[in-house]
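What you are looking at is a predicted structure, and each value in this text was computed from that prediction instead of being measured. Keep in mind that the numbers below use all heavy atoms, side chains included, and drop hydrogens, waters and symmetry copies. We count residues from 1, following the sequence as given. All ligand and atom numbering here is 1-based and tracks the order in the structure.
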Amino acid sequence: PVVLSVRDVAKTYEVKDRASLFKKNRVQAVRGVSFEVRRGESLGLIGESGCGKSTLSRLLSSLEPPDRGAIEVNGVDVATLHGDALLSMRRRFQLLLQDPYNSIPSHVSIGTTIAEPLRIHRLASGNGLRERVCAVMQEVGLSPDLYDALPVGLSAGQRQRVNIARAMVLEPSVLILDETLSALDQVEQAKLLDLFDNLQRKHGITYLYISHDLAMVRRACARIAVMYLGKIVEIGDNETIFDEP
Ligand code: ADP
Ligand code: ADP
């Protein structure tokens, strides 16, 4: 079944002209993009810097609305969702970014940070909350002994595990990985790719791997979309995309 269906989505930004106080330039960041993602699939989205990958990831995680086109999740147009329905859709789509050092508060315990989305969504409290957080910590390879510890001294890879745990407590069905592994060394990358594999097998999670790192995407994704100047110019099997002359 199709989890995510994107039809002719576009986004333009107005930016101040550097030379003139009154003139504005339009940047067409995403210019009519369509694709589908099936449940449990890993789709790679590659393309050079500035081609619109991050803009697309923000549209998909409903952080910004598209100017035109439709994003359907399990057959429901996201634009028609409001209130609780919108909130629960957002919960199903978790975005993981690159910066493991900026995204985690340094003065808050690791367990509290991971528990925060559960509190915000009022999904658990008290002992239930602590149990849920410890189970997820275990699952992503963080010792539950770290629950009351501060993140000081955690490696970049461990910090990214904290971010992954913070997403996983919400039981997402889709993880959008926007350069999530790009700041990590090869060894950490390989470990986290294994973790994503395990989460996929266990929970049927669907992945969108957005990256400029072709080798990593080649390793992780069965299907690849190539973006260029705001459009998907090619989409197909891993072998078809990478074995071309
Ligand atoms: P990357 O290619 O790593 O995504 P960018 O410089 O394109 O880096 O974008 C970094 C962030 O800055 C993006 O999240 C985007 O929202 C913002 N951004 C990018 N370009 C502009 C711009 N011209 N004006 C305002 N914000 C921008
Ligand atoms: P990528 O992630 O592939 O590097 P982006 O989506 O960050 O590409 O950027 C695509 C284009 O849109 C770039 O020209 C960028 O400068 C512009 N852009 C992105 N975000 C913003 C923003 N918030 N305001 C203005 N321009 C933006």
Side-chain angles (χ1 to χ4, degrees), residues 4-37 41-73 78-79 86 89-90 93-103 156 159-160 163-164 167 172 174-184 189 192-193 196 206-236 238 241-242 244:
L4 174 67
S5 169
V6 178
R7 276 184 285 115
D8 197 29
V9 160
K11 185 76 182 179
T12 297
Y13 295 107
E14 295 227 319
V15 290
K16 281 208 186 77
D17 191 298
R18 287 205 174 84
S20 155
L21 200 55
F22 304 106
K23 212 175 133 207
K24 281 192 175 164
N25 288 325
R26 290 157 61 80
V27 179
Q28 294 182 291
V30 173
R31 303 186 302 149
V33 160
S34 304
F35 63 96
E36 287 186 343
V37 188
E41 176 176 45
S42 293
L43 177 71
L45 186 66
I46 59 178
E48 62 191 42
S49 185
C51 72
K53 303 185 298 296
S54 293
T55 302
L56 188 56
S57 83
R58 289 195 298 275
L59 300 178
L60 297 181
S61 16
S62 57
L63 296 176
E64 294 182 63
D67 298 334
R68 68 155 210 265
I71 297 168
E72 282 183 6
V73 175
V78 172
L86 180 62
M89 196 285 301
R90 280 197 168 149
F93 265 69
Q94 291 294 311
L95 175 62
L96 291 170
L97 300 171
Q98 176 172 3
D99 56 342
Y101 282 94
N102 297 322
S103 49
R159 280 166 186 269
Q160 219 40 310
N163 281 325
I164 295 164
V174 178
L175 288 182
I176 301 178
L177 309 177
D178 189 350
E179 304 287 4
T180 307
L181 305 181
S182 298
L184 306 177
Q189 276 196 7
L192 287 187
L193 286 177
F196 289 140
T206 306
Y207 292 98
L208 195 58
Y209 279 83
I210 301 179
S211 184
H212 68 280
D213 183 345
L214 301 188
M216 195 272 289
V217 170
R218 183 174 195 171
R219 177 167 168 194
C221 302
R223 211 154 63 91
I224 316 277
V226 184
M227 271 188 99
Y228 182 71
L229 295 179
K231 286 191 168 176
I232 290 182
V233 290
E234 233 188 317
I235 185 162
N238 186 315
I241 298 290
F242 282 110
E244 271 178 13

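Test V233, V33, I46, I210 against M227 for side-chain contact (heavy atoms from CB on, under 4.5 Å) and you get one pass: V33.
Closest of all the heavy-atom pairs between L96 and N163 is CD2-O, 3.5 Å. Here the shortest heavy-atom pairing between Y207 and L177 reads CD2-CD1, 3.8 Å.
I224 is listed as a side-chain neighbour of V217, based on a closest heavy-atom distance under 4.5 Å. Taking 4.5 Å as the limit, every side-chain heavy atom of V174 sits out of range of all side-chain heavy atoms of L4. Residues D213 and Q189 have side chains in contact (heavy-atom distance under 4.5 Å, counting atoms from C-beta outward).
Any N or O atom pair closer than 3.5 Å counts here, and G50 shares at least one such pair with ligand 2. Considering both main-chain and side-chain atoms, C51 comes within under 3.5 Å of ligand 2 through a nitrogen or oxygen pair.
Within the 4.0 Å heavy-atom shell around ligand 2 one finds E48.
Under 4.0 angstrom from ligand 2, the non-hydrogen atoms of V27 all belong to its side chain. Residue contacts with ligand 2 for R58 involve side-chain atoms from C-beta outward but no N, CA, C or O (heavy atoms, distance under 4.0 Å). If you look at M227 next to ligand 2, there are no close heavy atoms at all, none under 4.0 Å.
Close approach to T55 involves these atoms of ligand 2, each under 4.0 Å from a residue heavy atom: 5 (P), 6 (O), 9 (O), 19 (C). The contact set between ligand 2 and S49, taken as ligand atoms under 4.0 Å from a residue heavy atom, comprises 4 (O). Residue S54 approaches ligand 2 through these ligand atoms, each under 4.0 Å from one of its heavy atoms: 1 (P), 2 (O), 6 (O), 7 (O). Residue-ligand proximity, V15 to ligand 2, at heavy-atom distances under 4.0 Å covers atoms 25 (C), 26 (N).
With salt bridges taken as basic N to acidic carboxylate O contacts below 4.0 Å, none links D17 and K24.
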